[in-house]
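Note sheet for the following structure.
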Amino acid sequence: MMRLNMILLAAVLGSAFYLVQLQYESRTVYAAMDKTQAAARKLTTERETLEVQKRAQTAALRVQSIAREQLAMREATPSITQYVTIRNGQVTVSTPVAEAGQIAASGRKP
């Protein structure tokens, strides 16, 4: 009888230790999962913030002002437009408005 009691006591202690170990692992995994979810929420918020900043940076008025001020660009007008034509391997550059002005100045008809 004493042997049976000792075997049962060892089985109960073994199962109790196993249960404690499983609870500890469960808490550890839950804490890691909670940290991961918090990091995911933080990354999502950061991504949304960056999207808003990206939209603000690509606004048309901002791009135009940077092009004028920093890059010294100007809008294309017919007077500064040049057309490049390639025929039979030969490249020709023409400015239609300038040519029209030369024609008008010379009195010729186009």
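Computed from a predicted structure; not experimentally measured.
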Drop me the distance from [X]'s [atom1] to [Y]'s [atom2], to the nearest 0.5 angstrom.
X	Y	atom1	atom2	value
Met73	Arg68	CE	CZ	10.5 Å
Glu51	Gln53	CD	CD	10.5 Å
Leu50	Glu48	CG	CD	10.5 Å
Thr49	Lys54	OG1	NZ	14.0 Å
Arg27	Asp34	CZ	CG	14.5 Å

Is it true that atom [atom1] of [X] has more than 12 heavy atoms of other residues, nucleotides or ligands lying nearer than 6.0 Å?
X	atom1	value
Ile86	CD1	no
Gln37	CD	yes
Met6	CE	no

* Asked: With no hydrogens and no angle check, do the side chains of Glu25 and Gln21 hold a donor and an acceptor under 3.5 Å apart?
  ->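 The answer is yes; a qualifying pair exists.
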* Asked: Ser26 side chain to Leu22 main-chain N or O, any donor-acceptor pair under 3.5 Å?
  ->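 Absent.
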* Hey, quick one: are Leu71 and Val63 part of the same hydrophobic cluster, counting side-chain heavy atoms closer than 4.5 Å, chains of contacts allowed? ->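 Leu71 does not cluster with Val63.
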